[in-house]
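Beneath this line is the structure, given in structure tokens, with notes to follow.
In what follows, every chain begins at residue 1, and chains take the letters A, B, ... in the order their sequences are listed.
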Amino acid sequence: MATRAAAGSALAARIGALVRKIPRGRVATYGQIAALAGAPRHARFVGAVLRRLPEGSPAPWHRVLGAGGRLSLARFAPHAAQTQRLRLEREGVRVVGRGRVDLARYGWRGPAARRGPSARTK
DNA sequence: TTGCTGACGGCAT
DNA sequence: CATGCCGCCAGCA
């Protein structure tokens, strides 16, 4: 039991669940999602999963960014990247420069993270 | 079964 | 700071 394929499927499901848990107005990175899913070196796999998501998927894929809070998506799908940026700003996430987000401010801390008393607004 | 590709990550140029 | 190359790992032909 526990074949590789099954593991991959379970991992994919876990990734999807994590992405849905990203609070509105916050963002996470591919590597972070992978790590939270229990697969530290599977950032690419996260991307593969999100790419396979149907259009009507409730998963906020736009909240998943590349390392350092960058919109790495732009190089492969400029149109989608624009949608992503639009959605983010619409949620209150400020995208600066060519497509960068301040993770220190909008970065998600994880599934257990709650809006603590600490005001991160500097 | 083998090989190539890829919503990435990190370092070098 | 922007661009490029290599490395990691699972999915797919």
Side-chain angles (χ1 to χ4, degrees):
Chain A
M1 59 180 295
T3 64
R4 188 164 50 65
S9 182
L11 178 59
R14 215 171 304 142
I15 289 171
L18 280 167
V19 172
R20 296 184 195 204
K21 287 176 185 173
I22 303 174
R24 183 176 172 280
R26 294 260 176 119
V27 297
T29 66
Y30 293 99
Q32 183 183 359
I33 296 298
L36 290 173
R41 299 298 185 266
H42 288 65
R44 269 186 139 164
F45 188 76
V46 175
V49 172
L50 294 184
R51 188 189 174 214
R52 288 181 59 173
L53 286 174
E55 288 184 38
S57 176
W61 57 270
H62 58 277
R63 291 176 193 156
V64 185
L65 313 178
R70 291 197 231 189
L71 290 287
S72 57
L73 177 60
R75 87 186 232 189
F76 127 96
H79 181 70
Q82 192 172 1
T83 301
Q84 181 177 35
R85 178 168 183 160
L86 189 64
R87 285 190 177 182
L88 288 175
E89 294 190 322
R90 196 169 183 173
E91 294 182 358
V93 177
R94 177 136 73 143
V95 181
V96 297
R98 211 159 165 274
R100 229 161 130 189
V101 174
D102 186 358
L103 291 181
R105 225 163 71 177
Y106 306 105
W108 184 39
R109 311 231 268 151
R114 299 290 177 226
R115 286 157 287 153
S118 303
R120 53 182 65 272
T121 44
K122 182 166 53 76

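Nucleotide C/dA10 holds its P atom 17 Å from the CG atom of A/Leu50, rounded to whole Å. Following rounding to the nearest Å, A/Arg98 (CZ) and C/dA2 (P) show an atom-to-atom distance of 8 Å. A/His42 has its NE2 atom 12 Å from the C1' atom of B/dC8, to the nearest Å. Taking atom CG of residue A/Leu11 and atom P of nucleotide C/dG11, one finds them 8 Å apart after rounding to whole Å. Straight-line distance from the CD atom of A/Gln32 to the C1' atom of B/dA7: 16 Å, rounded to whole Å. As rounded to whole Å, 17 Å separates atom C1' of B/dA7 from atom CD of A/Gln82.
Salt bridge present: A/Glu91 and A/Arg63 bring a charged side-chain N and a carboxylate O closer than 4.0 Å.
Residue A/Phe45 and nucleotide C/dA10 are not classified as a stacked aromatic pair, given the requirement of ring centres less than 5.5 Å apart at an interplanar angle below 30°.
With DNA chain B read from its 5' end, the first of the two nearest nucleotides for A/Arg51 and A/Gly68 is the one closest to A/Arg51.
The phosphate of B/dC8 has OP1 or OP2 within less than 4.0 Å of a side-chain N or O from A/Ser72. For the OP1/OP2 pair of C/dC8 and a distance below 4.0 Å, the side-chain nitrogens and oxygens of A/Arg41 include no atom meeting the criterion.
Within a heavy-atom distance below 4.0 Å of DNA chain C, no residue of residues 85-95 of chain A is found.
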Output a table of nitrogen or oxygen pairs between the protein and nucleotides 4-7 of chain C separated by less than 3.5 Å.
none

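At most 12 non-hydrogen atoms from other residues, nucleotides or ligands lie less than 6.0 angstrom from CZ of A/Arg100.
When distances are taken from the side chain of A/Ala67 to each of B/dG9, C/dT3, C/dG11, the shortest belongs to B/dG9.
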